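Right, one structure below, let's go through it.
Counting starts at 1 for both ligands and their atoms, following the listed order. Given the structure is predicted, the values throughout are model-derived calculations rather than measurements. Excluded from the calculations below are hydrogen atoms, water molecules and symmetry mates; all remaining heavy atoms, backbone and side chain alike, are included.
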Amino acid sequence: MGRNGSVKRGAAAAAPPSFTVNPADYRLMEEVGYGAHAVVYRALFLPRNQTVAVKCLDLDQLNNNIDEVQREAQIMSLIDHPNVIRAYCSFVVEHSLWVIMPFMTEGSCLHLMKIAYPEGFEEPVIASILKETLKALEYLHRQGQIHRDIKAGNILIDSAGVVKLGDFGVSACMFDRGDRQRSRNTFVGTPCWMAPEVLQPGTGYNFKADIWSFGITALELAHGHAPFSKYPPMKVLLMTLQNAPPGLDYDRDRRFSKAFKEMVAMCLVKDQTKRPTAEKLLKHSFFKTAKPPESTMKGMLTDLPPLWERVKALQLKDAAQLALKKMPSSEQEALSLSEYQRGVSAWHFDIEDLKAQASLIYEDEPSETKEDDVAARIIESEKSLYSRTPSGQSSSANENTCSEETSTTNPDCRRMPNGHENSRSENDSLPSTSKEPESKYWRTNVGQKQQTTGGPVEGGVNSSTTERSHNFERDATADKHGSDTRRAANLSGPLSLPTRASANSYSAPIRSSGGYVDSLGDKSKRSVVHIKGRFSVTSENVDLAKVQEIPLSSISRKSPQGIQLRKSASVGDWIVNAKPTWRNEDAHLKGTLYFTFQNV
Ligand SMILES: Nc1ncnc2c1ncn2[C@@H]1O[C@H](COP(=O)(O)OP(=O)(O)OP(=O)(O)O)[C@@H](O)[C@H]1O
């Protein structure tokens, strides 16, 4: 315990004597980042006037009790590697755990890409960043630790170009009871980086899951975003499980070396036993020639404003996005589509819900594409929908474009830009989860309509006019055929996305839904989302039969104001009574908003 010991609820270990555990010894300055569980501040350690980072984790979100945290913190204090951020100390302040760590002046690689390199870094830079990250990973694995959250947002850089892997240690262990990213029952994060064996029910995973995430991170650094990042969680899950692994394309990614492509391909092998260990990967020729980041990153970090100003700028952009909710929907949609792409790591979801829903939706879904087709679509879509300026700003979407989002519902869009037809057979299926009897979940009474909300709400990708019109078409088709079965046939709709948005995206987006599900069977009632039109909600949040109070998730932490949601064309018989109220005083943190829906 520190010298003053004015800690309210116990204190964690890992405290080198030079730092105290007295919160009064730290002056929190600017916010420099926020994640799903935490806000990170630049701070001054007053006794020595030393700049540090203070990560304030919300203890109320945690599964673990404080004793466990302390115990784990002691174990984590043994972690000691130049490429792993190590906590100086940690202690509890009211309902938060403060983790004191070195301040990484340039923030995360995700920061850097968003601000200045939206299309990714050059190969020498990528090689040096990845090599340092891999050294960290090799060390952690040698210690018997799995990181479980390797991504650009967790690779931190300081002004000298030193690279450290963050989000490991006390904060990680708090969420780490075999299922790292779980907090209460809500998975926090995005499946984009997750290995197939992690996403697949009933399969175990080990440290090789980090190698997969490492490969995805390599692609993220190369392109400025992770593969499949434009898709909502369930679709990412399905694509990860069903499609060929993503990779660098030999033709399209000509600017990258063969060695880089090979290295990525080695990581992104679905069979975890065939992936190399971190130790072996470090011996790959791609890393042998990698230069130290201090030299490759030299010129990159000059002329950038201080981290906190960048963060502020990104937050302002978020606020502007929120203001879009008041725009006419067409403008809103175009702009929010661009936001959707920007906020790639902002999804929050319940992984079990996701798996359950994936298994249900699968049967009715139009056939998916092969990875090559998907990649082609992504690339084509990027070309046509977004023209990024060197400063990293995206132009708004061309609504006439046959985007990958609309392609799931628009038969005309199933022909790929490269001319290939979507070719996966309907018999391809998710392994164990794909064969749930559909009637159990999706059968409904004709005419019973229920509006749902929840999940990130934004006039995002699914709210495109095209998609909505196809939702209508689907409605009409189902009715015309006299079917009493309605299915959640739209993978681009959000799932039960029960909490606020992340974090590393700065965007805290609020996304809209597409697709719908009507009445729900018992098993699914707790978790399966009822979706129609722009809004969706988990059934556990709402009495579906009545006028409802529905939590919309993922409002920006910083927004104290309610958002006017407008009736979407696809809402059909339902209207949104736009009287949002914050659920509690902590709403700026929790981002929970309530709306009322009425049947009209
Ligand atoms: N030591 C640090 N110095 C500077 N910036 C930091 C530091 N630690 C974290 N950050 C910034 O804060 C952001 C959020 O931190 P972190 O990822 O640890 O939070 P989190 O809640 O665990 O996030 P998530 O679970 O979404 O990964 C990081 O992406 C990074 O940009």
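- A salt bridge links Glu197 to Arg275: one of the charged nitrogens lies within less than 4.0 Å of a carboxylate oxygen.
- On a distance-only criterion, Phe103 and ligand 1 share no N/O pair closer than 3.5 Å.
- The atoms of ligand 1 that sit less than 4.0 Å from any heavy atom of Ser108 are 31 (O).
- Salt-bridge check for Lys298 with Glu294: failed, with every basic side-chain N at 4.0 Å or more from each acidic carboxylate O.
- The shell of residues lying under 4.0 angstrom from ligand 1, judged by heavy atoms, excludes Arg42.
- Counting all heavy atoms, side chain and backbone alike, Ser90 lies closest to Val21 at O-CG1, 4.1 Å.
- For Glu132 and Lys135, the salt-bridge test passes: some basic side-chain N is under 4.0 Å from an acidic carboxylate O.
- The closest approach between any non-hydrogen atom of Pro102 and ligand 1 is below 4.0 Å.
- Atom 8 (N) of ligand 1 has its nearest heavy-atom neighbour, among Lys114, Met104, Met101, Glu31, in Met101.
- The Lys151 neighbourhood of ligand 1 comprises atoms 26 (O), 27 (O), with distances under 4.0 Å to a heavy atom of that residue.
- Side-chain atoms of Thr20 and Asp25 form a donor-acceptor pair, as typed in the model, at a separation below 3.5 Å.
- Taking all heavy atoms of Val52, Leu57, Val40 into account, the minimum distance to atom 9 (C) of ligand 1 is reached by Val40.
- Judged purely by distance below 3.5 Å, without hydrogens or angles, the side chains of Asp210 and His141 pair a donor atom with an acceptor atom.
- When each atom of ligand 1 is checked for a heavy atom of Asn154 under 4.0 Å away, the hits are 17 (O), 27 (O).
- Looking at Glu220 and Trp193, their side chains do bring a donor and an acceptor atom within 3.5 Å of each other.
- Annotation for ligand 1: atoms under 4.0 Å from non-hydrogen atoms of Ala53 are 1 (N), 2 (C), 3 (N).
- Atoms of ligand 1 found under 4.0 Å from any heavy atom of Asp149, numbered from 1 in the order shown, are 27 (O).
- Contacts of Thr105 with ligand 1, taken as heavy-atom pairs under 4.0 Å, are absent altogether.
- Few gaps surround NZ on Lys270; more than 12 heavy atoms of other groups in view lie less than 6.0 Å from it.
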